[in-house]
> 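After the structure tokens below, expect a handful of questions from me.
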There are 2 protein chains.
Amino acid sequence: MDTAGESEHGEDKRGTGAIPASVEAAWGLRPRPHKGPKRGLTLEGIVAAAVAVADAEGLEAASMGRVAKELGVSTMALYRYVATKDELVTLMVDGAFGPPPPLPEGVGDDWRAGLRHWYQAIGTAMFAHPWAVAHIPSGGPPVTPNQLAALDQALYVLRDTPLTEFEKVATALLVSNQVRAEVTIALAMGGSADFERLMGEYSHFLLRVSDTGRLPHLRTAVEGGAFDEPDVQAPQKPSDYDEFAFGLERVLDGIQALIDARRPD
Amino acid sequence: MDTAGESEHGEDKRGTGAIPASVEAAWGLRPRPHKGPKRGLTLEGIVAAAVAVADAEGLEAASMGRVAKELGVSTMALYRYVATKDELVTLMVDGAFGPPPPLPEGVGDDWRAGLRHWYQAIGTAMFAHPWAVAHIPSGGPPVTPNQLAALDQALYVLRDTPLTEFEKVATALLVSNQVRAEVTIALAMGGSADFERLMGEYSHFLLRVSDTGRLPHLRTAVEGGAFDEPDVQAPQKPSDYDEFAFGLERVLDGIQALIDARRPD
DNA sequence: GCAGTAGTGCGTAAGGCATACGCAGAAAAC
DNA sequence: GTTTTCTGCGTATGCCTTACGCACTACTGC
């Protein structure tokens with residue numbers, strides 16, 4: 001697993017640098033080999049089948065054997081397209097998100113509205129594929145086509161701001177981290193179904209563990225209604241995923257402050 | 001896995017509400033049972049052994065069998081203390097972080113400095129136990145002792161701000177998400193060792209995939225030096241983990257803006 | 001046409017994993 | 001002293017990923 005070096009079996013583990021070969025294939029960077037028999041499968045097909053299984057039955061159901069069965073091939077056949085299960089998961093996440101939806105007319109001219117839209121689009125996609133949320137940051141910086149397309153979109157939204165290119169990228173990462181965190185906790189809370197009950201149980205638990213003088217400030221917060229104010233809304237279904245979440249607005253304000261400082265006139 | 005109900009085997013899966021029994025045990029909320037033979041192990045001991053294995057050889061090495069062997073007991077003995085592997089992992093993460101270090105003198109009076117310190121303390125702990133980073137948000141809202149102790153500390157820091165209790169909690173979550181995201185990507189980049197080389201390879205890759213007119217704004221960013229400006233520093237070792245990261249300052253600015261709006265005088 | 005050969009799918013099997021279940025024995029309760 | 005309850009553990013099941021080698025295919029260079 002740690003050794004590089006070209007093995008006879010499977011694809012080369014590494015393409016150029018640290019990018020897995022299967023990811024390069026997803027970009028179309030791998031030239032079609034010309035010898036040998038025709039390939040019976042496509043990487044896209046494999047990924048699509050795996051995503052379908054994960055959508056229907058969760059990520060843990062999408063084992064190599066199961067995906068292969070879905071495609072009518074043997075388990076090991078998949079390893080001609082993907083060096084490791086992790087690579088498949090990376091591609092599955094990318095495939096599940098798909099290309100970012102185009103920005104609505106005019107929204108690209110106001111960076112704040114544009115980022116709100118961007119945030120909501122990502123959040124919606126995440127809600128549609130909950131299994132993909134927990135695995136997004138595993139592999140480090142974004143390398144897959146749709147993820148980078150989304151990043152490109154954010155950079156477009158920020159094009160007229162006085163931020164440096166580094167700051168633009170960092171801003172996009174900041175916002176996307178924010179979506180991810182918010183969706184993660186929302187999904188853990190049951191996706192709005194038993195939200196109120198779970199929240200009630202949670203705050204009850206917090207009262208219980210803070211009752212002997214431990215965690216006095218947490219207790220104050222619970223008693224102050226931090227977990228049952230109307231502010232604590234159940235995260236909504238994909239179609240109307242709350243785009244004015246607390247965290248997002250704070251982040252946007254923070255970026256606003258930087259922009260104002262950079263452009264005082 | 002989905003059915004609740006009390007089974008004869010293992011601990012009850014659920015204590016009160018959705019809190020696992022082992023987590024309640026970690027809080028000392030479980031009364032000692034009085035019948036039966038004395039227990040040969042302690043939950044703390046199991047968690048400590050598991051953390052030691054994970055620290056030395058990574059999370060995947062810390063299997064139930066391995067941890068049991070480390071303690072000189074059989075694999076199944078552990079299931080008298082923990083209902084499931086996931087519960088153990090939850091407790092491992094909490095155990096790895098340990099109690100939050102006390103705030104230095106005076107820093108508790110300035111919320112901004114206090115949150116910076118808080119951020120740095122969490123980041124330092126994460127760097128010391130990289131395996132724990134990927135699993136923090138898995139189980140939903142924080143329920144374990146040390147995690148909630150850290151939350152309590154953040155609420156202490158924010159005690160004199162005009163924020164509502166809900167907003168204080170949300171702020172703490174916001175900052176902790178930020179640490180987590182930043183540390184995750186830093187660790188993926190090799191923990192500052194090959195940072196420069198990997199960053200170079202990454203930006204080279206980005207140039208390659210954006211060369212046919214795809215991702216024009218990303219290409220602009222790369223060419224604009226978004227990935228090799230001096231701003232892009234190698235994340236430092238635990239002792240001096242960069243506490244003035246871009247994301248953190250944006251978040252703090254955003255909170256500042258809210259505070260200013262709330263307290264205009 | 002006809003080798004040579006690189007690349008194909010796949011069968012087998014190894015080694016790991018979490019964990020269901022039942023049992024023998026220990027210690028407290030009555 | 002009997003009963004009850006909880007202990008640790010042996011056994012076994014059914015997963016999982018993936019190493020390896022084999023038989024075959026279809027293209028290349030002659």
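Heavy atoms only: backbone and side chains are in, while hydrogens, waters and symmetry mates are out. In what follows, chains are A, B, ... by sequence order, proteins preceding strands, each numbered from 1. Note that the structure is predicted; figures quoted are calculated from it, not measured.
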> For C:dT8, take OP1 and OP2 only and decide whether either is under 4.0 Å from a side-chain N or O of A:Tyr81.
no
> Output the rounded distance in Å from CG (A:Leu71) to P (C:dG9).
11 Å
> Please give, in whole Å, the distance from D:dG21 C1' to A:Met76 CE?
11 Å
> For B:Lys38 and C:dA26, what is the distance between atoms NZ and C1' respectively, to the nearest whole Å?
10 Å
> Nearest to the B:Thr84 side chain among C:dT19, D:dA26, D:dT18, which nucleotide is it?
C:dT19
> Rounded to the nearest 0.5 Å, how far apart are CG of A:Leu91 and OH of A:Tyr81?
14.0 Å
> If you pin B:Ser63 and B:Pro37 to their nearest nucleotides in DNA chain C, which one's is more 5'?
B:Ser63
> In Å and rounded to the nearest 0.5 Å, what is the CG to NZ distance from A:Leu78 to A:Lys85?
10.5 Å
> Provide, to the nearest angstrom, the distance between the CD atom belonging to A:Glu87 and the C1' atom belonging to D:dT18.
13 Å
> Rounded to whole angstrom units, what separation is found between the CZ atom of B:Arg66 and the P atom of C:dG15?
18 Å
> Output yes when at least one side-chain N/O atom of B:Ser74 is less than 4.0 Å from OP1 or OP2 of D:dG8, else no.
no
> Looking at B:Glu57 and B:Glu60, what are the two nearest heavy atoms and their distance?
O-OE2, 3.8 Å
> Round to the nearest Å and state the distance from A:Leu59 atom CG to D:dC16 atom C1'.
13 Å
> At 4.0 Å (heavy atoms only), tell me whether A:Met64 reaches a base, stays on the sugar-phosphate, or touches nothing.
sugar-phosphate
> How long is the span from the CG atom in B:Asp55 to the NE2 atom in B:His129, to the nearest 0.5 Å?
5.0 Å
> Between C1' on D:dT25 and CZ on A:Arg39, what's the gap in Å once rounded to a whole number?
14 Å
> Roughly, in whole Å, what's the span from CZ in A:Arg80 to C1' in D:dG21?
10 Å
